[in-house]
Amino acid sequence: MSDQTQLDRFLGEKIPVVKELEVIRVDSLSLNVRPPKDGDERDELIESASDLESTGGIEQ
């Protein structure tokens with residue numbers, strides 16, 4: 001039995017075959033977010049994000 005046949009039997013018919021794949025190169029990315037000024041600001045940002053997550057303010 002060939003490797004491909006074994007792979008096909010293992011995967012079954014539930015996984016679709018990818019026939020075409022497109023890749024796009026990103027030349028630049030701007031997030032418009034600055035890093036925290038210091039450790040205190042970093043801690044505040046982490047705490048506020050944690051509070052939002054625990055109250056359902058952040059979708060995951």
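Being a predicted model, the structure only gives us computed values, none of them experimental.
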*asked:* Could you work out, with side-chain hydrogen bond (donor to acceptor under 3.5 Å, both in side chains) as the rule, every residue matching Glu44, not counting sequence neighbours?
replied: none

Cut-off 3.5 Å, no hydrogens considered: what does the side-chain donor-acceptor table look like for residues 17-27, sequence neighbours left out?
unit_1: Arg25; atom_1: NE; unit_2: Asp27; atom_2: OD1; d: 3.4

*Nearest 0.5 Å, what's the OG-CG distance between Ser50 and Asp43?*
12.0 Å

_Tell me every residue that passes side-chain contact (heavy atoms from CB on, under 4.5 Å) with Leu45, counting only those two or more places apart in sequence or in another chain._
Pro36, Glu41

